[in-house]
Amino acid sequence: MTLLPTARRPRTAALAFLLLAPPLYGLLGLALGMDANWDLRNYHWYNAYALLTGRLGMDMLPAQMPSFYNPLLDVPFYLLASHLPARAAGFVWGTLHGLNLALAFLLAHATLRVGGAGQRVALAALLAVMAGFGGGTLGLLGTTFHDNMVSLGILGALVVVAGTLPRLIDGPAPGALARAAAAGLLAGAAMGMKNPTVIYAVGLCLAFLALPARPWRRLWLAFFFGVGVLGGLALCGGFWMAHLWVEYGNPVFPHMNQIFKSPFAALSGYVNVGFFPDSRLERLFFPLVFPFAPLKVGEVPFLDLRVLVLFVLVPAAAALALLGRAVRHPSAGLADTAATRYLLTAMAVTYALWVGMFCIYRYLVPLEMLAPLAIVMAAGLLPVPRRAALVLAAALLLLVQATARPADWGRVPWSDRWVEAAVPPIEDPDDTMVLMAGYWAISHVIPAFPPRIPFVRIQSNFLQPDSVGNGYLALMQDKVGAHRGRFLMLSTIPDTPGAARAAALLGLRVEQDDCRVIPNNLGEPLNLCAVQRTADHERSVD
């Protein structure tokens, strides 16, 4: 199996695609507009700023519950966007997302068994382009959700496996196991940077059991892949898990706290069940539902039929392949048999874990990228002539691409800088604490404030001033109570009355007639209001 053709002209064409596809994809990202999604405003911008400037112990919950998320992937974007003009940073960021197309090309070329060298390059390029134009994938281009960044680890792991499958199956054991561990390292790194990527690490690991190899070889490959996953997890997530363990007694805080029982969160798993299917029957047949009801799996509308096509095609093709084998009618064989078994098994396991654990479509984007190749592979399982299998695959690919409608999580016209906020002058910043309240995304403006000001969010999707069973409340109350200087309140303008009620529970009064507006380029203007201590609070401080 070869990642690139050996003949000169096809090899030149392949190299041209690998070099040109990422920057062209980056240019497309510029045409879509500047990312202003809710998560960017809530935590992707602030978390990187906090890590790089040493604010992790200075502020409390400014980004709500995501304040506890691993900020490693946010750092490169923050450095790009804070040092370069927005368009330049957007081009670089979109080009990085375009590396998925290069990896998808290498994977397709290594596994396809269709036509001559030039035809294989052309088909691999087509499938790679389709990998970047799904309803979810295209919507994520140039954004900071990172599902199309961790996908680089997943597709990279698949390229390592697909490019060395013969040696994995029959080659010397030391080299085969080392390659499996290297693939696992890439998948584990993706998982360490974004925990929901665990579904791909598990899927790729268990898929080794489907390879046409000796039983012990399959088990050892899966084992060493798992060792690699743990290494990648430790490399990219270990520092943050250690930080959470030391600070809160839970390495994935606040998630799975019913197991770790940290006193600083409720005894809950903190699982987002808002996108779960309404019934077991709906969960079982979910791909027949969510493409036509996209708000069941995401925050914004989109359309993509790839998962639906695979949900129907893969089991049908596998059953017909078994039937054809029984009557000695071979499959069409459009792709390498071992690669087909490995990839389709990995995708099936990944989907099963996704529908059981998350049901958030963004987490399924790497699978969406792989779907065009998987459709060709599944069509190749059918016991029909190769031409018929190719026609079916082409028709299905045309269907899914023609009907795809990308998601839009919020874009704005390009600014000179990615994040701009006009913070009014603040008297005596060394003696000022800014409180935050409401449930909207506002932490992106914090870097525009004087750096000596601490920020404490007293109301969020993790904690409210009247929370019960959440020990973090005492930490917040102590920090606010120990401050002897002046307070300000930061919120959206519509959230200001609610912010005043939250502050009242802490013995503070928001002066709603003494507010200044903070305009910013990513969302609605914010309010910065004066805060006074109530008489009872003054007496308790004395």
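Keep in mind that the numbers below use all heavy atoms, side chains included, and drop hydrogens, waters and symmetry copies.
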Decide ring-ring contact (aromatic ring centres under 6.0 Å, His included) for Phe77 and Trp93; before the verdict, give the C-alpha distance in whole Å, the side-chain angles of both, and the deciding distance to 0.1 Å. CA-CA 7 Å; Phe77 174 79; Trp93 197 242; 5.3 Å; yes
Asn527 and Val517: CA distance, side-chain angles, deciding distance, side chain to side chain contact (heavy atoms under 4.5 Å, CB included) verdict: CA-CA 5 Å; Asn527 245 3; Val517 174; 4.2 Å; yes
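- Here Trp409 contributes atom CH2 and Leu40 contributes atom CG; the two are 14.0 Å apart, rounded to the nearest 0.5 Å.
- Counting heavy atoms from C-beta on, the side chains of Glu524 and Trp440 come closer than 4.5 Å.
- Not counting sequence neighbours, the partners of Arg362 by the side-chain hydrogen bond (donor to acceptor under 3.5 Å, both in side chains) test are Asp147.
- Here NE2 of His97 is found 8.0 Å from CG of Leu152. Values are rounded to the nearest 0.5 Å.
- Phe487 does not carry Arg533 over the face of its six-membered ring by the limits of under 6.0 Å from the centre and within 45° of the normal.
- Applying the side chain to side chain contact (heavy atoms under 4.5 Å, CB included) rule to Pro424 yields the partners Arg516, Ile518, Leu528; only residues at least two apart in sequence or on another chain are considered.
- Below 30°, between 30° and 60°, or above 60°: for Trp354 and Tyr351 the angle between ring planes is between 30° and 60°, a tilted geometry.
- Distance CG/Leu490 to OG/Ser443: 9.5 Å, rounded to 0.5 Å.
- You'll find the side chain of Tyr78 stays beyond 4.5 Å of the side chain of Asn47, heavy atoms only.
- Remark: Phe260 engages no residue in a ring-ring contact (aromatic ring centres under 6.0 Å, His included) (not counting sequence neighbours).
- Residues satisfying the side chain to side chain contact (heavy atoms under 4.5 Å, CB included) test with Ala504, not counting sequence neighbours, are none.
- Considering only residues two or more places apart in sequence or on other chains, Phe286 meets the ring-ring contact (aromatic ring centres under 6.0 Å, His included) condition with Phe290.
- A distance of 8.0 Å separates OG1 in Thr143 from NE2 in His44, rounded to the nearest 0.5 Å.
- Salt bridge absent: Glu427 and Arg486 never bring a charged side-chain N and a carboxylate O closer than 4.0 Å.
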Output, in order, the C-alpha distance, side-chain angles, deciding distance and verdict of ring-ring contact (aromatic ring centres under 6.0 Å, His included) for Tyr69 and Tyr43. CA-CA 9 Å; Tyr69 291 177; Tyr43 72 99; 5.5 Å; yes
Please determine whether side chain to side chain contact (heavy atoms under 4.5 Å, CB included) holds for the pair Lys296 and Asp278, giving the CA-CA distance in whole Å, both sets of side-chain angles, and the decisive distance to 0.1 Å. CA-CA 10 Å; Lys296 281 183 171 289; Asp278 296 329; 3.1 Å; yes
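- Classification of the Tyr248-Tyr472 ring pair by plane angle, with boundaries at 30° and 60°, yields tilted.
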Using atom types as modelled, flag every donor-acceptor pair under 3.5 Å from a side chain in residues 229-246 to any protein atom, sequence neighbours excluded.
from, atom 1, to, atom 2, distance (Å)
Trp240, NE1, Phe68, O, 2.8

